[in-house]
Amino acid sequence: MLTAIVLLPLLGFVLNGLLATRLGGNRVGPRFVSVVGCGLPIASFALVVKALLDLRAGGWAPLVEIAYRWALIGDNVFEIAFYFDRLSAVMALVVTGVGSVIHVYSIGYMKDDEGYGRFFAYLNLFLFFMLLLVLGRSLLVLFVGWEGVGLASYLLIGFWFHDLANARAGKKAFVTNRIGDAGFLLGMFVLFQAVGTLDMDRINAAFSGPTLPLISASLVGVLLFIGATGKSAQIPLHVWLPDAMAGPTPVSALIHAATMVTAGVYLVARMSAVYLHAPEASALIAVVGVATAFFAATIAIVQTDIKKVLAYSTISQLGFMFLALGVGAYGVAIFHLVTHAFFKACLFLGAGSVIHALGGEQDLRRMGGLARRIPLTFWTFAIATAAIAGIPPLAGFFSKDEILWYAFASTRGGSPLLWLVAAATALMTAFYMFRLLWLAFFGRSRMTHEVEHHVHESPLSMTGVLVLLATLSALGGFIAVPHFLETQLPLPPVDGHLHAYETPLLVISVVLALAGLAAAAWLFGGTAERAERLRARFAGMHRWLSGKYFVDELYERMLGRPLAWISDRVFLRFGDRALIDGTLHGLAAIARGSAAVLGRLQTGSLHLYAGFVLVGIVGALLWSWRHV
Amino acid sequence: MDRTQLLIGVAVALFSLGLVGVIVRRHVLVMLMCMELMLNGVNLSLVTFAQQTSTTVGAVLVFLIFVVATVEIALAIPIVLLLVRTKRTLDLGAYSDLKG
Amino acid sequence: MIETLLGNANTLLLLACCAGALAGGALMLVLRQPMRVAMALIATMIFLAGVYGLLGMHFIAAFQVLIYVGAVMLFMVYVIMLLEVRESNGARYSRLLLPGAAGLLVLLFVLAASVWRPLPSPKGEIGDAGYGIAAFSADFLGEYWLLFELTSVLLVAAVVAALAAIRVGRQAAERRANG
């Protein structure tokens, strides 16, 4: 059954890919594509629910299903096996559930696109690989899924590839991911060397047992985290995610908000037994996570593209998740992952709805006053915004507050400094999200005339999904995910003295959220002139933030240009042209030269030929003296 | 030096003279005649050795060489005639069409 | 005494014939006019026939004169007369005169050195051959009958080829006359 969960989307990919694209001759119409493309993920979701019920019936003992023996090398067996326990259940539900609704949304969003069939094929392919990732038992299967979602991401970012910028963004995403994968592979090698298997449940058991394997758990932890950095867009490999917004909005929602980017979080949570013995690695994760969160939030404040704001927001929220992982609160990180999937997907899809309503406009400076024109989109967007800002009792409040609490009080690395930075980030989160809300939906309209004319509410396939996701964002906090996962991912012990701070910190969180709301309303409400004056006063910092701290330019100068130089000078001019081509040309020149020389023997003069006969006779006789 | 060596020496000398004659002379017909000289040299050596045995094998071979020489001349002359008709000279230095 | 004299005379005659053959050969390289060269060659051949005869192979000597001189050289002389109209003022030697002369010396030396080794002792004395034309013919038509037939085939082929050459020549002449 687990195999069926994984293979159903693959079937969708094959069917749509072969029949509905130009490759197959466009044999089927959009209705077939929609039915197959959405129906199969929904079927997968149903099967996941059934698997969860089976799991519960079996007393929560993990379900293991071996699908295929991949390789037998010496004494080592590598299988394609699937593993279903509580953590897998949560992840699979999110992936298939949120994935299915985004598929349904795409029916409306991509309706008039000529690559309709190809889009759904790629989406199904992505779902297949993501399910491989979350359901795989061994790190090898996970890695296959890891690479596969990278591939799907590349295909989907560059979906409208006739625009070269989109193709370049896709390439950037893929290459950046690959850099992280080097660390991931090294981690896998070290683990295999030390433990002798790549099955994650067995690795966890080895690290939980009485004697630990003879390697540095921190080394493994750091290497695996490098891989997670690439996939989940943490510093320094975060540069691909904002560029990935070039893809269609459902792609941004599914891959770059809800599921793919959370793969790194899942990896660390799954390998929690290793990280429990790796305090240095955990400290590194916490610091990188909170730094990324802060850093991305500062950039998000000044972004003018609606999707870029959400992209930096995603990076920031992922930083929060890694912060939780770093202080040992693995279950809380997964909880935030789930709630984030709900409200971030809702936000992205809502942004897509806005873009759809405005006929393609994405710049915030040319929006405004949309609240009354597209009310359904507005209300769902507002609920999701409140959720991410952390306003109780919506979902984001619960998960974010838990993270802040454990960042402060966990005995496995929590500190007030971490809490402080995280709290500042939470304040900025609230601020820039409400800024987004105000600029897009309130105030006077800054739209151009033709755009304003055509503003219309999105079709039911899109708004229905928005309503569903908004509901989940509102009520999702009450799903006690950390408690559910506690048997598997225990919550970290909390310093006893700090219990007194629990309620005050809670209050502070709420206050910060409301403060962000107030600041945004004050600055951006009405004509937003106060914001303009603020910008004028801090013009330097504004330029720095708008330029995203010029990280891309730094990479280009430090890495891009030297590599290009080496590639041109060393490999192209020297290696390829001089050495390889030169050798071949040289050989040809030798042949030509010797042919020219030998050709001079043929003078056409019979006398000379007879002379050669004489020479030959003499030579043969002389030779015969020696050998006869 | 006994007879055999003398005769073989003469045969060798005739052969060399013939070969060098092909190299140095310019006239086509003279070159053909030098080739005949070569054949004669070979014939002499064959006869010398054939004479030393009591089987007739050597003599048969000599006879065959006679036949071959006849046939060769019978064909070489017409070819030369045809060539001469186009170029109108018997000087072999003018025939270098196969150059290169 | 007569025997030694006769023996000596035999050797002397042999030497004379060899010298004559060599002289004729050398003359061939030097004479300018082709007709004279042909005469030198005929002289060489006749001297060689003399050598064959002195060796006791009388029938081969006869064949030499009959076939070689009587047919081959005759044909050659005929063609020389056909083609010769005061063409004797052409150059005598090719460009390779000096290399050719050097090559002659080298070749002579090498050939002589190769040959001048202890030859296996003759199985019989010269003049001891003990077979004449009768034995030769019997063997030729008996044991070596295949070679005999092949020679006839060869001669037929030569006739056909000569006819073909004549035809080619005629066609070429016609083309030249018309075109």
Side-chain angles (χ1 to χ4, degrees), chain B residues 3-10 12-21 23-27 29-30 32-34 36-37 40 43-44 47-48 50-54 56-57 59-60 62-64 66-71 73-75 77-82 84-86 89-93, chain C residues 18 21-22 25-26 28-29 34 37-38 41 44-45 48 51-52 55-57 60 63 67-68 71-72 75-76 79-80 83 87 90-94 96-97 100 103-104 107-108 111-112 115 119 122-124 126 129-131 135-136 139-140 144 147 151 154-155 158 161-162 165-166 168-169:
Chain B
R3 276 188 197 181
T4 318
Q5 281 181 331
L6 168 70
L7 289 172
I8 295 301
V10 171
V12 158
L14 284 176
F15 177 80
S16 316
L17 283 171
L19 181 54
V20 172
I23 295 177
V24 299
R25 292 302 301 246
R26 256 200 154 142
H27 200 276
L29 295 172
V30 171
L32 275 176
M33 287 191 273
C34 289
E36 292 304 316
L37 185 61
N40 272 294
N43 245 351
L44 178 58
V47 169
T48 312
Q51 202 273 327
Q52 291 174 349
T53 69
S54 55
T56 53
V57 129
V60 168
V62 170
F63 187 79
L64 288 177
F66 283 144
V67 172
V68 166
T70 313
V71 168
I73 274 294
L75 288 173
I77 301 288
I79 293 174
V80 168
L81 284 176
L82 288 174
V84 163
R85 272 207 206 146
T86 50
T89 174
L90 283 165
D91 181 353
L92 207 64
Chain C
C18 288
L22 281 172
M28 274 183 70
L29 260 67
V37 171
L41 185 56
T44 303
M45 287 176 177
L48 279 179
V51 169
Y52 298 155
L55 285 178
M57 314 274 277
I60 298 247
F63 283 149
I67 297 175
Y68 242 123
V72 172
F75 190 26
M76 190 62 100
V79 168
I80 291 173
L83 292 178
E87 270 239 33
R92 198 170 18 153
Y93 292 121
S94 72
L96 291 175
L97 175 61
L104 174 65
L107 187 60
L108 273 175
L111 274 172
V115 164
L119 294 171
K123 297 216 176 72
I126 294 188
Y131 62 92
F136 168 75
D139 272 347
F140 199 17
Y144 306 110
L147 298 169
T151 52
L154 185 59
L155 288 168
I166 293 172
V168 165

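These numbers come from the heavy atoms of this one structure, side chains and all, not from hydrogens, waters or symmetry mates. Per chain, numbering begins at 1; letters A, B, ... match sequence-line order.
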Given a strict heavy-atom distance threshold of 4.5 Å, which part of [X] is in contact with chain C: side chain, backbone, both, or neither?
{"X": "B/L17", "result": "both"}
{"X": "B/L32", "result": "both"}
{"X": "B/L81", "result": "side chain"}
{"X": "B/L44", "result": "both"}
{"X": "B/V12", "result": "both"}
{"X": "B/L75", "result": "side chain"}

For [X], which atoms come within 4.5 Å of any heavy atom of chain B: side chain, backbone, both, or neither?
{"X": "C/L29", "answer": "both"}
{"X": "C/L154", "answer": "both"}
{"X": "C/F136", "answer": "both"}
{"X": "C/F75", "answer": "side chain"}
{"X": "C/A165", "answer": "both"}

Relative to chain C, which of B/L64, B/I77, B/V57, B/L19 shows the most heavy atom pairs under 4.5 Å?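 Among B/L64, B/I77, B/V57, B/L19, the one with the most close pairs to chain C is B/I77.
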Could you check which of B/V68, B/V47, B/V10 has the highest count of heavy-atom pairs closer than 4.5 Å to chain C?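 Of B/V68, B/V47, B/V10, B/V47 has the most heavy-atom pairs under 4.5 Å with chain C.
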Below 4.5 Å, heavy atoms only, C-beta onward: do [X] and [Y] meet side chain to side chain?
{"X": "C/I67", "Y": "B/T70", "answer": "yes"}
{"X": "B/L29", "Y": "C/M76", "answer": "yes"}
{"X": "C/F140", "Y": "B/T56", "answer": "no"}
{"X": "B/R25", "Y": "C/Y93", "answer": "yes"}
{"X": "C/Y52", "Y": "B/V62", "answer": "no"}
{"X": "C/V79", "Y": "B/V80", "answer": "no"}

For a quick test of reading the model, state the closest non-hydrogen atom pair linking [X] to [Y] and the distance between them.
{"X": "B/A13", "Y": "C/L108", "answer": "CA-CD2, 3.8 Å"}
{"X": "C/A21", "Y": "B/L14", "answer": "O-CD2, 3.8 Å"}
{"X": "C/G100", "Y": "B/V20", "answer": "O-CG1, 3.6 Å"}
{"X": "B/A59", "Y": "C/M57", "answer": "CB-CE, 4.4 Å"}
{"X": "C/L111", "Y": "B/F15", "answer": "CD1-CD2, 4.2 Å"}
{"X": "C/P34", "Y": "B/H27", "answer": "CG-NE2, 3.6 Å"}

Distance check, rounded to the nearest 0.5 Å: C/C18 atom SG versus B/L7 atom CG?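 With rounding to 0.5 Å, SG (C/C18) is 5.0 Å from CG (B/L7).
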Rounded distance (nearest 0.5 Å) linking atom CG of C/L41 with atom CG of B/N40: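 The CG atom of B/N40 is 6.5 Å from CG of C/L41, to the nearest 0.5 Å.
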Which one wins on heavy-atom pair count under 4.5 Å against chain B: C/L104, C/T44, C/T151?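 Answer, by heavy-atom pair count under 4.5 Å with chain B: C/L104.
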Using a cut-off of under 4.5 Å for heavy-atom pairs, which of C/V168, C/V51, C/V72 has the most such pairs with chain B?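 Answer, by heavy-atom pair count under 4.5 Å with chain B: C/V72.
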So, C/Y68 versus B/E36: side-chain donor-acceptor pair below 3.5 Å or not?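 Judged by distance alone, the side chains do pair up.
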